[in-house]
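Structure in structure tokens, see below.
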Amino acid sequence: MATTMDAPSKTVEQRIERLSTASLNRILEPDVDVPGEVGPGQVLPDELLTLHDLPDVFATLTPDQKRTLAREEFGSIVETGVRFESVLMAGFSMEIVGRADLTDPRVTYLLHEMGEETRHSRLFVRLLTQITPRAKNPLDRPALRLLERIVLPFLMSMPAMFCLLVLSGEEVPDLLQKLASEHPDTDPMIKAVSKYHRQEEARHLAFARLLFPEQWAAAGPLQRFLIRHLGSGIAIGMFDTIVHPGVYGTVGLPTWATWRAVNRTPGRTAMRHRALRPLLNPLLEAKAFRGGRVPKGWRLAAGVDRHGRDLPSAAAA
Ligand SMILES: [Fe+2]
Ligand SMILES: [Fe+2]
């Protein structure tokens, strides 16, 4: 009995130790290993701008407005990245505080991951000083910050829920950075940053995917309910706000109306499905949904039917 119970957990621990070894063998310091500056032009190509999915509006922009928009959209993504990594580090710190056994390989990897995130965040802050985004984020309001201070500790107290939040915050930029790094017209510095960040985030994603099954197995009914019915809303919110509404105001467009219109386009919806679809896999593998039926929120988030099968993009949109 002990052997069958111990075997899978040992495998997870061995895999986590391998991730720690990989982090240890490849320590990159961005101030040394990712030098350089973002260029003065349009840092992201047209196709990678959210507004491109509203072609009638996009066609009215001058080259200078496209340059501004690209820098502001990228600035919003980077700012979100720094704040997200801080939330992640706060959650991981609390996780370590509550661990009875600090010699658990999970703790060592959490420390490796936090080390990597502080380096990422320093690099992102450097990018912000170069990009100098000016858009005011309408979501950055005292009432919402206060709400955040109440909600985040609540989410951090639920390991499986927090793991899902971490996966959302890592899957979304992963897709955006993949597209940016593969496009020939992306600013060379942004390409280099995307490549560097993605290779370390691949380990973080692997770690979170390893942990989720055991966290789901240990989760109580409230946490399971929230993951089934609230997790998709958090993931969609993460995707939709990575470029905040204020960005559109910098090129003379209405902020909220443009943001809402952009996020309803088939192109943006398809991109959301592509970004969030991998998030559904750990839930399906953990058999998280009653009767195998994917709730509506998750179907909308990932573009799948009630059995978790991918829908054709037109039907999903
Ligand atoms: Fe990161
Ligand atoms: Fe990460």
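Atoms within a ligand are numbered from 1 in the order they appear, just like the ligands themselves. If you read the sequence from its start, that first residue is 1, and numbering goes on from there. These numbers come from the heavy atoms of this one structure, side chains and all, not from hydrogens, waters or symmetry mates.
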So H204 and E117, side-chain hydrogen bond (donor to acceptor under 3.5 Å, both in side chains) or not? Walk me through it.
CA-CA 10 Å; H204 302 177; E117 298 296 14; 3.1 Å; yes

Check: A288 main-chain N/O paired with R228 side-chain donor or acceptor under 3.5 Å
yes

For the Fe ion (ligand 1), the closest N/O/S atom belonging to E201
OE2

Checking only N/O/S atoms, does H197 have one that is under 2.8 Å from the Fe ion (ligand 1)?
yes

Do any N or O atoms from the side chain of E201 and from the backbone of E170 form a donor-acceptor pair under 3.5 angstrom?
no

Closest approach to the Fe ion (ligand 2) by H204, given as the N, O or S atom name:
ND1

Please check this pair: side chain of R122 against backbone of P30, looking for a donor-acceptor N/O pair closer than 3.5 Å.
no

Looking only at N, O or S atoms, which one in E85 sits nearest to the Fe ion (ligand 1)?
OE2

Report the angle formed at the Fe ion (ligand 1) by atom ND1 of H120 and atom OE1 of E117, rounding to the nearest 10°.
80°

From E170, does some N, O or S atom reach closer than 2.8 Å to the Fe ion (ligand 1)?
no

Mind checking whether F207 and Y109 have parallel, tilted or perpendicular rings, split at 30° and 60°?
tilted

Could you tell me how the ring of H197 sits relative to the ring of F124: parallel (under 30°), tilted (30 to 60°) or perpendicular (over 60°)?
perpendicular

Confirm or rule out an N/O/S atom of E200, from backbone or side chain, lying less than 2.8 Å from the Fe ion (ligand 1).
no

